[in-house]
Structures are given as structure tokens and as C-alpha cells.
Amino acid sequence: MQNVEKIIEILKKTVPEHPYRSHNPFHILIATIISQRTKDEVTYTVANKLFAKFPRPKDLKNASEEEIAKLIYPAGFYRQKAKKIKEVARIIDEEYEGKVPGDIDELLKLPGVGRKTANIVLARGFGKKAIAVDVHVHRISNRLGWVHTRTPEETERELMKIIPKKYWGEINSLLVMFGRTICRPVKPKCEICPIKEYCEYYRSHANSQSS
DNA sequence: AAAACGGGGGC
DNA sequence: GCCCCAGTTTT
């Protein structure tokens, strides 16, 4: 699988950059919680509004759940998320001196933080080597034939074997954008895909379908 | 293992 | 009008 590095380099030149460029770990964490089962444009809009009003853990801790819920309303799951966001802010302010922990086990203790969210915070917020597997990474890795897996955990383990470590932190952003623009869940745009020649899915569907 | 949370957008 | 979407938590 020497191709993996080549494929990633092609994607890096072709795929648009991930639009959420904050490197503030707390903002990454809260924005990622908001993003769960939510379209990303909506996520950025409401996250920016939220941080404009309550930028620091201490600010969000002191905000009311109703106030938070109102600001993130369009993202859906707003009551649940508002409660989690307030509690996460409180824990970080009171138990971690206002700093998001850069450790997977500590992150997983936070409400609303599962494996995917924790890995995104580590990768994007701290620049650590962590592979965050969401539906895009899972789908695309299987389509390409990099893995043949059923669960995200399994995908994460297998990807760690075949993706060079230097790409771990950015593979999620890259594949999410690739998945949005080209390798969509339904009707992937294989005609214009820059890596179709390396794709198992494309080879097996090359004759039968184009749309 | 399945249900529940949820508004917005694509078709 | 139906179905899916940067998942996590509860049943």
C-alpha cells in the first residue's frame, strides 16, 4: 500500500481546505460537540455566534442553558447539546484550570465527548497524532479498499496500520471535505474524482454506473 | 442492539 | 413529504 501516501498527496492538492480553522482547543471541542449529526455550515454559523458572546470556558459556565440553546438552536439536539456544553465548560474551568486536557482518557470523561470528538480535538486542537473516524472517513476508507470494516473502531485500528503517521492528524479534515465535495454517500462524483484510478469502488462500478 | 434527541436541506 | 446529516447517551 505505498499508494496511500500518493493518494493523500493528490487529495491535499485537490480538495478544498476545511473551513473551520480555529486552533483554540476549547473552541474546537465545543464546535465539534455542536457538529454532531449536524451539517457543518450550520455548525460554523452557530459556533461563531456562541463564541462571540461566550468565548471562554468561564463565560459558558456562567451562561444559562436556555441562552446557549437559543444560540445553537438551528444545529438541532439543542437542549441536549446546551446542557453538555455548559457542563463541559464548568468541568474545564473548575477541574482543568480553564485548559482543555490534551489526553484521550480525560477527554472521554467529558459529557458529549465520544471517540470521534476526542480524536478531532487531539488532532485539530493539539496537533497530536490521532485518527478521528467519522462516517466520511469510514465510508471512504472502505470504498477505496484501504480497509474492509464494519465499525469505526475497527476502521481506526486498521487505518493506523496503513496510513503514515505524519498524516494521522489531517486525514479526518481531508476526507471529510473530500466526502462532501466528491465522494458523497450517495451518487459520488466518480467522473471528476482525482483518485478514481486507485479506488476499489470505482473499479467495481466502472461499467455499470456513472451517476 | 435499538431508541432517542432535532432543525435544516436535498430531492 | 420523506430521508439523511462532523454522534453520544440512555434504555
Side-chain angles (χ1 to χ4, degrees), chain A residues 11 15-51 65-92 100-101 104-126 128 130-143 149-156 159 167-189 209 211:
Chain A
L11 288 179
V15 171
E17 227 181 291
H18 198 283
Y20 199 70
R21 293 201 187 77
S22 169
H23 291 291
N24 177 328
F26 181 66
H27 288 183
I28 301 265
L29 170 57
I30 300 300
T32 306
I33 290 174
I34 294 172
S35 81
Q36 290 163 4
R37 301 296 289 177
T38 299
K39 296 271 199 300
D40 46 2
E41 290 89 346
V42 181
T43 299
Y44 309 137
T45 306
V46 304
N48 287 332
K49 282 182 187 169
L50 185 68
F51 299 144
E65 270 180 46
E66 292 72 22
E67 216 167 355
I68 297 173
K70 199 169 178 180
L71 284 166
I72 66 170
Y73 179 78
F77 299 141
Y78 49 90
R79 276 187 285 265
Q80 203 177 86
K81 286 174 181 173
K83 180 185 275 261
K84 288 171 176 174
I85 287 168
K86 184 173 161 67
E87 178 64 2
V88 165
R90 187 195 67 74
I91 294 172
I92 288 178
V100 176
I104 182 97
D105 292 318
E106 298 301 312
L107 285 169
L108 287 174
K109 291 180 190 167
L110 300 171
V113 178
R115 187 147 200 98
K116 299 176 189 81
T117 302
N119 277 324
I120 285 172
V121 171
L122 289 176
R124 206 170 300 152
F126 290 94
K128 293 195 174 175
I131 297 182
V133 178
D134 55 39
V135 287
H136 293 291
V137 175
H138 185 68
R139 176 184 71 256
I140 295 165
S141 300
N142 275 283
R143 274 189 183 161
T149 52
R150 300 297 319 286
T151 69
E153 290 75 16
E154 209 182 336
T155 304
E156 185 181 333
L159 284 182
Y167 295 116
W168 286 13
E170 60 186 317
I171 194 70
N172 175 268
S173 294
L174 193 60
L175 293 191
V176 166
M177 291 308 290
F178 178 53
R180 276 181 30 118
T181 54
I182 296 171
C183 198
R184 304 177 300 185
V186 295
K187 293 189 184 174
K189 298 184 177 177
Q209 93 164 54
S211 56

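Per chain, numbering begins at 1; letters A, B, ... match sequence-line order.
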S.K.: Scan nucleotides 6-11 of chain B nucleotide by nucleotide, 5' to 3', and note B when protein non-hydrogen atoms come under 4.0 Å of the base, S if they reach only the sugar-phosphate, - if neither.
M.R.: BSB---
S.K.: Got a salt bridge between Glu106(A) and Lys109(A), using NZ or NE/NH1/NH2 to carboxylate O under 4.0 Å?
M.R.: yes
S.K.: Say we look at dG8(B) and dT9(C): how far apart would their P atoms be, to the nearest angstrom?
M.R.: 24 Å
S.K.: When rounded to the nearest 0.5 angstrom, what distance separates CG in Leu29(A) from CD1 in Ile34(A)?
M.R.: 10.0 Å
S.K.: Check this for me: does any side-chain nitrogen of one of Glu87(A) and Arg90(A) sit under 4.0 Å from a carboxylate oxygen of the other?
M.R.: yes
S.K.: Do the side-chain N or O atoms of Thr117(A) get closer than 4.0 angstrom to the phosphate oxygens (OP1, OP2) of dA6(C)?
M.R.: no
S.K.: Roughly how far apart, to the nearest Å, are dT11(C) and dG6(B) at atom P?
M.R.: 15 Å
S.K.: NA contact type, Val113(A), heavy-atom cut-off 4.0 Å: base, sugar-phosphate, or nothing?
M.R.: sugar-phosphate
S.K.: Using the P atom as the point on both nucleotides, what is the distance between dC5(B) and dG1(C), in whole Å?
M.R.: 22 Å
S.K.: Are a donor atom and an acceptor atom from the side chains of Thr149(A) and Asn142(A) found within less than 3.5 Å of each other?
M.R.: yes
S.K.: Say you draw a straight line from CD1 of Ile131(A) to CG of Leu122(A); how long is it, rounded to the nearest 0.5 Å?
M.R.: 12.5 Å
S.K.: Quick check for you: to the nearest 0.5 Å, what is the distance between Lys84(A) atom NZ and Arg79(A) atom CZ?
M.R.: 13.5 Å
S.K.: Could you pull out all residues at least two apart from His27(A) that satisfy ring-ring contact (aromatic ring centres under 6.0 Å, His included)?
M.R.: Phe51(A)
S.K.: If you measure from CD1 on Ile68(A) to NZ on Lys70(A), what distance do you get to the nearest 0.5 Å?
M.R.: 13.5 Å
S.K.: Could you tell me the separation between the NE2 atom of His138(A) and the CD atom of Glu153(A), rounded to the nearest 0.5 Å?
M.R.: 9.5 Å
S.K.: Rounded off to whole Å, could you give me the CD1-to-C1' distance for the Ile30(A) and dA6(C) pair?
M.R.: 15 Å
S.K.: Are Arg180(A) and Glu41(A) close enough for a salt bridge, meaning some N to O gap below 4.0 Å?
M.R.: yes
S.K.: Within this structure, what is the NZ-to-P distance between Lys83(A) and dA4(B), rounded to whole angstrom?
M.R.: 19 Å
S.K.: Without decimals, in angstroms, what is the distance between Leu122(A) CG and dA6(C) C1'?
M.R.: 16 Å
S.K.: Which whole-number value in Å describes the distance from Leu108(A) CG to dG7(C) P?
M.R.: 16 Å
S.K.: Which residue, Thr32(A) or Gly112(A), contacts DNA chain C at a nucleotide closer to its 5' end, judged by nearest heavy atom?
M.R.: Thr32(A)
S.K.: Starting at CG of Leu107(A) and ending at C1' of dG7(C), how long is that distance when rounded to a whole Å?
M.R.: 16 Å
S.K.: Can you tell me how far P of dG7(C) sits from CG of Leu110(A), to the nearest Å?
M.R.: 19 Å
S.K.: Nearest whole Å is fine: how far is dT8(C) C1' from Glu87(A) CD?
M.R.: 15 Å
S.K.: For DNA chain B, produce a single dot-bracket line, 5' to 3'. Pairs: Watson-Crick or G-U wobble, both distances under 3.5 Å. Symbols: ( ) within strand, [ ] crossing, | other strand, . unpaired.
M.R.: |||||.|||||
S.K.: Taking atom P in both dA6(C) and dA4(B), compute the distance separating them and give it to the nearest angstrom.
M.R.: 22 Å
S.K.: Rounded to whole angstrom, note down the P distance from dC3(C) over to dA3(B).
M.R.: 15 Å
S.K.: Can you measure Ile33(A) atom CD1 to dT8(C) atom C1' for me and round it to whole angstrom units?
M.R.: 10 Å
